[in-house]
2 protein chains.
Amino acid sequence: MTTDIYPSMTVADNEQKERPVEKMQLGKQVKAIRKQNNLTLEEAGKLTGLARSTLSKIENEQISPTFAVMQKLAAGLNIDIPQLFTKPEKAQATGRRDVTKSGQGVPHLTPTYEHELLSTQLSQKKMMPYRSRVHARSFDDYGDWVRHEGEEFLLILEGEVELYTEFYEPTKLTVGDSAYYDAMMGHCLISTSKEDALILWVTTS
Amino acid sequence: MTTDIYPSMTVADNEQKERPVEKMQLGKQVKAIRKQNNLTLEEAGKLTGLARSTLSKIENEQISPTFAVMQKLAAGLNIDIPQLFTKPEKAQATGRRDVTKSGQGVPHLTPTYEHELLSTQLSQKKMMPYRSRVHARSFDDYGDWVRHEGEEFLLILEGEVELYTEFYEPTKLTVGDSAYYDAMMGHCLISTSKEDALILWVTTS
DNA sequence: AACAAAGGTTTCCAATTGGAAACTTTTCCT
DNA sequence: AGGAAAAGTTTCCAATTGGAAACCTTTGTT
């Protein structure tokens, strides 16, 4: 018997703390994923290397798959194992959409940037997209990193820029190039060409 | 037809993308957890309701436990299932970035789409960006909506498309236009011009 | 409506798991 | 060191899984 107080657990026969044996519907979940991908049992079978009968039984909770099978499932469907039994938290049903015609976004100007916020009608959204015209580099304003919560994705639409991120070498980006980074790293973008650069930005939170 | 990457996977026999069947050492992991809690197989058995022989075999990777057993394990040891096979992961620190040069993304082809996944190096990200070439509308494939968790943002880079979303009138989009919507609404995109369309997409989750 | 094809379920059986108990190794006393 | 109890491993077997194929259902076509 353990002498530790702290992390240890007590072994009282059935006095278990009863972690609410999460009512996981592995079957339901698997089926949902398969459906989302428009796959038939046959196809899913090919992808995962499992018999379609096995898949059927799993989906209908007729059997409890072994870990080995779960691995095949995840690998074949290209997902992580936890997704097999973790509910994808209820879609907060934003249930809306917002189309922004070119140039009709909400402008937001600064000395070096002309931002155009893109989907401003939707309040409850997880991403925040905007298009920015970055003025050709001006002497003074560079070197000042920004750092904030969330992640950022960007794609160069026009021009040429240099992406500075903490811990990384500056990188030159041209039309069509994109980047994704954790915004908590200091980061900053500078237009290196004579022309302005046009950037599409999407940030989280 | 789907406008999404993830919904449709190609089913080419053994051409599997081979998600690196994560070398999970479920056994090692379980043993580590048990040890951390100063439990003997006997005690762990009491807690989880499993035979100590079973536990032994699992720890030594002699058998692949069923999902049911994994649930008992997690419940008994008071942990979440993923912890059974997920390395304590030294703070995989999102703190990274990934630059994708134009055309260097990971391709994913379907009859009507040529997707190019951007930023595939980062695994732990909240957004999933990709660029898709949408082939000019073909008679048959239209009308098939997709519907899935998450939100989507898109921006037209080239061409002309029509955005169909449940509850809304079809909308024509041209270069520079963008849209944001809850992917739970049925949605689908069709190239309406003679030329292919090029779309930048960013989805959540 | 009738038929064909595709998608899904159930059956049957070999292969594997999980539990009880025997067996082996380690730990801990004296 | 010697012996006993504790911890862990292996064996044996009933119970369950996973695969092949037969068997239903649904969908699509003429």
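Residue numbering restarts at 1 for every chain, and letters A, B, ... go by the order of the sequence lines. Only a predicted model underlies this, so the values are computations on that prediction, with no experimental measurement involved.
The side chain of B:K35 places an N or O atom within less than 4.0 Å of a non-bridging phosphate oxygen (OP1 or OP2) of D:dG8.
Between A:W201 and A:Y130, the ring-plane angle classifies as parallel under the 30° and 60° cut-offs.
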Open item on the list: Strictly under 4.0 angstrom, non-hydrogen atoms only: write out the protein contact profile of nucleotides 10-19 of chain D, one letter per nucleotide from the 5' end, B, S or -.
Closed with: BB-----SBB
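Of the N and O atoms on the side chains of A:E152 and A:Y181, at least one donor lies less than 3.5 Å from an acceptor on the other residue. A donor atom on one side chain and an acceptor atom on the other are found under 3.5 Å apart for A:H115 and A:S132.
When the C1' atom of D:dA7 is taken as reference, atom CD of B:E59 falls 11 Å away, rounded to whole Å. Distance B:L41 CG to C:dT26 P: 15 Å, rounded to the nearest Å. A straight line from NZ of A:K31 to C1' of C:dT9 spans 10 Å, rounded to a whole angstrom. Protein atom NZ of B:K46 is 13 Å distant from nucleotide atom C1' of D:dA6, rounded to whole Å.
Atom CG of B:L26 sits about 5.5 Å away from atom CE of B:M70, to the nearest 0.5 Å. Separating the NZ atom in A:K31 from the CG atom in A:L55 is a distance of 11.5 Å, to the nearest 0.5 Å.
Direction of the helix axis in the helix from C:dA1-D:dT30 to C:dT30-D:dA1 shifts by 30° between the two five-pair termini, rounded to 10°.
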Open item on the list: Could you walk me through whether B:F85 and A:F67 satisfy the ring pair (Phe, Tyr, Trp, His ring centres under 6.0 Å) test, starting with their C-alpha distance in whole Å, then the side-chain angles of each, then the deciding distance to 0.1 Å, before giving a yes or no?
Closed with: CA-CA 10 Å; B:F85 49 82; A:F67 182 57; 5.4 Å; yes
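Checking B:E59, B:E43, B:E42 one by one against B:R52, the salt bridge (charged side-chain N to carboxylate O under 4.0 Å, His left out) holds for a single residue, B:E42.
By the side chain to side chain contact (heavy atoms under 4.5 Å, CB included) test, B:E158 is found to be paired with B:R133, B:L198, residues two or more places apart in sequence or in another chain being considered.
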